Amino acid sequence: MSLQITLKDGSVREYQPGISVVEIAADISRGLAKNALAGKINGKVVDLNTPVNENSQLEIITVDSPEALDVYRHSIAHILAQAVQHLFPDTKFGIGPAIKDGFYYDFDSGHTFTPDDLAKIEKEIEAITKADLPFERREVSREEALKIFRERGELYKEELINELPEDAVISIYCQGDFLDLCAGPHVPSTGKIKAVKLMSIAGAYWRGSEKNKMLQRIYGTAFPKKGELDDYLFRLEEAKRRDHRKIGAELQLFTIMDEGPGFPFFFPKGMVIRNELENFWREEHKKAGYQEIKTPIILNRQLWERSGHWQHYKENMYFTDIDEEDFAVKPMNCPGGMLVYRSDLRSYRDLPLRMGELGLVHRHELSGALHGLMRVRAFTQDDAHIFMLPSQIKDEIIGVIELIDRIYKVFGFEYHVELSTKPEKAMGSDEIWDMATDALREALEAKDMPYIVNEGDGAFYGPKIDFHLMDCLGRTWQCGTIQLDFQMPEKFELNYVGEDGQKHRPVMIHRVVFGSIERFIGILTEHYAGAFPTWLAPVQVRVLTVTDRSKEYAQEVVKKLEQAGVRVELDGRNEKIGYKIREAQVQKVPYMLVIGDKEAETGTLALRKRGEGDKGALAVDEFIRQLLEEIRDKG
RNA sequence: GCCGGUGUAGCUCAAUUGGCAGAGCAACUGACUUGUAAUCAGUAGGUUGCGGGUUCGAGUCCCAUCACCGGCUCCA
């Protein structure tokens, strides 16, 4: 009896049972067999030498297949481990998976790895790939597996085997003198590996828990083609060049000093960006029917006990005492918002009530977690709490989705959304969770938005929608979030008077658009590489004189621009025009106006645009008209 | 917090085995009056993150401390 093998293109071929994937590939074409890294039988990625015993869908995975990269990198992780074993024989092995940008392997070694070791290990990896050792799979019993790794003193592997489920197929892979517990699959041999680079060494707790021993992790990256590795390394360089910490200092936007770790300083130019963002935020929120409030940064212990923060969020909070009473610095704005809601009697006619707050919160983050403006200990949330009737949930969520969409589009961000559902330890009944999750889902579907579901990833008080925006380097950042909260209205006994004259509990959502203003500015700085669009640019126009003779006219031009509300600077120094242009360009000023004798005579200006160069002569008023239009449209 | 690395002028970086702390850019002064990405010359700039120790002598070696960088989420 022969097998029916259905290929990717839909064609069906017949083979004898027991034929291996690679043999089928060879039968299709010799080139395919040569480029093959793995196979995919009925959707499952497998080794090339896997025998096929039943009618199947088969796909040959080559270096060009999307599934190839993980198999490829995972194989290199094994080779890395083998190289380390050769060079540092006392090393015990943890785990070594493929990850988003490469792979890693965790080691427990008496030797402390140094950056110099990476070059040595790379060399050894190269020797192993040159040797073209086959990866061999062997399935073993649990007892056999335990014996193999116990004999080698591989206590981490032993722990992993013991925790495998009862019915697990336990497999080991060997290449040459190296053997590892592994589900596979792998590339057929070490010779398939090209373009590997070890990136860094880091500490990592065994199984990610700080209760466990810290192992040494070696990170690397690899691509099937050298060119792809070079592209990746170039992108890393580009990200480094755009680092907001570097640009923030160079352009004098913001900084973090030793005196306040995690507490950012904003300089005058950074404040311009910040204020523009906040103005924009206020305009959009006003249009969307929000009111603005401001609640105190310090509030008393009772409030935080009532909200549950005192019990559940204490590690992240800062405390103080005033007149011998305990107070806490707010890590979130919601409790203050609750008090504002409660400050007056609310009718169903008042709902939905949308209250926004640019609220400065403080959170004690671990010192090792701090990172520029992206992870700080004090930041401003562009918060808002919407109180509403249960029947208003869907429309309100749609309103927030539209608001977020409108705001992100202005910056040219693409984004995707994720819906997180009820976690293990959640508060509230299943019914209310279902209703809330359905409301979120319906809102997304009403907007025709594709979304990813994160089962069980919601907050303990309610489900949420997260917005992940993508910057110009393809990196994603979680910024906006919409969370339904059933706990706060309960805890603060919020109510409104309904049509029936009775008290009812309102539903609340908690949402942010930017997330944190500081972080958003960090993201924008990297997204634009410091070349902010004109409406955000700290200095929008710099007027450059060619000689002293044109200074007077240049001052007139500056004055006109100032009167039009433009942020303008004059560079009237005795320097060559090329020098002044260079400086303005380095400072990323969007518009440079060159003013010399010709312009003074004709009442014009010579326009130079950042990134585009000389644009020729233009009448002053015409330039101002165009400029104001661009600023207004946030182009 | 934990692991590893780093810390020298405002910035980017030098300084041989422990042996006189230096350069470029920026700043300041002067000359040059300049047409689309760096004019020339000069001057000044430092308790080498902070605190101890070893040594005749420490930027360099040791200890402690602070800050920063990378990582600690991707599960054989």
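Bear in mind the structure is a predicted one, so any value in this text is a computation, not a measurement. In what follows, every chain begins at residue 1, and chains take the letters A, B, ... in the order their sequences are listed.
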(message) Any residue in residues 582-599 of chain A with a heavy atom nearer than 4.0 angstrom to RNA chain B? Just list them by number, or reply none.
(response) A:Arg582, A:Gln585, A:Val594, A:Gly596, A:Asp597, A:Lys598, A:Glu599

With sequence neighbours excluded, residues passing ring-ring contact (aromatic ring centres under 6.0 Å, His included) with [X]:
X        : result
A:Tyr173 : A:His186
A:Phe149 : none
A:Phe379 : none

(request) Mark yes or no: A:Arg73 above the aromatic ring of A:Phe223, with NZ or CZ under 6.0 Å from the six-membered ring centre and no more than 45 degrees from the axis. (result) yes

(message) Tell me whether A:Arg217 forms a cation-pi arrangement with A:Tyr104, defined as NZ or CZ under 6.0 Å from the six-membered ring centre and within 45 degrees of its axis.
(response) yes

Angle class for the [X]/[Y] ring planes (parallel below 30°, perpendicular above 60°, tilted otherwise)?
X        : Y        : value
A:Phe113 : A:Phe88  : perpendicular
A:Phe107 : A:Tyr105 : parallel
A:Trp310 : A:Phe319 : perpendicular
A:Tyr415 : A:Phe467 : tilted

Which atoms of nucleotides 4-8 of chain B (N or O only) lie under 3.5 Å from a protein N or O atom, and what are those distances?
none

(request) Name the closest nucleotide to the A:Arg245 side chain, picking from B:U36, B:U33, B:G70. (result) B:G70

Short N/O separations, protein against nucleotides 73-76 of chain B, under 3.5 angstrom:
residue	atom	partner	partner atom	Å
B:U73	OP2	A:Gly208	O	2.7
B:A76	O3'	A:Lys157	NZ	3.3
B:A76	O3'	A:Leu181	O	3.4
B:A76	O2'	A:Leu181	O	2.1
B:A76	O2'	A:Cys182	N	3.1
B:A76	N6	A:Val169	O	3.2

Can you list the residues that meet the side chain to side chain donor-acceptor pair (under 3.5 Å) rule with [X], with sequence neighbours excluded?
X        : value
A:Thr604 : A:Thr602
A:Arg375 : A:Glu365
A:Ser550 : none
A:Arg542 : A:Glu569

(request) Look at the side-chain N and O atoms of A:Arg610 and state whether any lies under 4.0 Å from the OP1 or OP2 oxygen of B:A37. (result) no

(request) Please determine if a side-chain N or O atom of A:Ser367 lies less than 4.0 Å away from the OP1 or OP2 oxygen of B:G1. (result) yes

Less than 4.0 angstrom from a charged side-chain N to a carboxylate O is my criterion; do [X] and [Y] meet it?
X        : Y        : value
A:Asp117 : A:Lys120 : yes
A:Asp457 : A:Lys464 : no
A:Glu238 : A:Arg241 : yes

(request) Quick one: label A:Ile577 by what it contacts on the DNA or RNA (base, sugar-phosphate, nothing), any heavy atom closer than 4.0 Å. (result) sugar-phosphate

(message) For a quick check of understanding: with a heavy-atom distance under 4.0 Å over all strands, which category does A:Gly368 fall into, base, sugar-phosphate or nothing?
(response) base

(request) Send over the distance from A:Arg375 CZ to B:G71 C1', rounded to a whole Å. (result) 13 Å

(request) Using atom CE of A:Met214 as one end and atom P of B:C2 as the other, report the distance to the nearest whole Å. (result) 9 Å

(request) Pull out every stem in RNA chain B, meaning runs of 3 or more consecutive Watson-Crick or G-U wobble pairs with both distances under 3.5 Å. (result) B:1-7 with B:66-72, B:10-13 with B:22-25, B:27-31 with B:39-43, B:51-53 with B:61-63

Which atoms of nucleotides 40-46 of chain B (N or O only) lie under 3.5 Å from a protein N or O atom, and what are those distances?
none

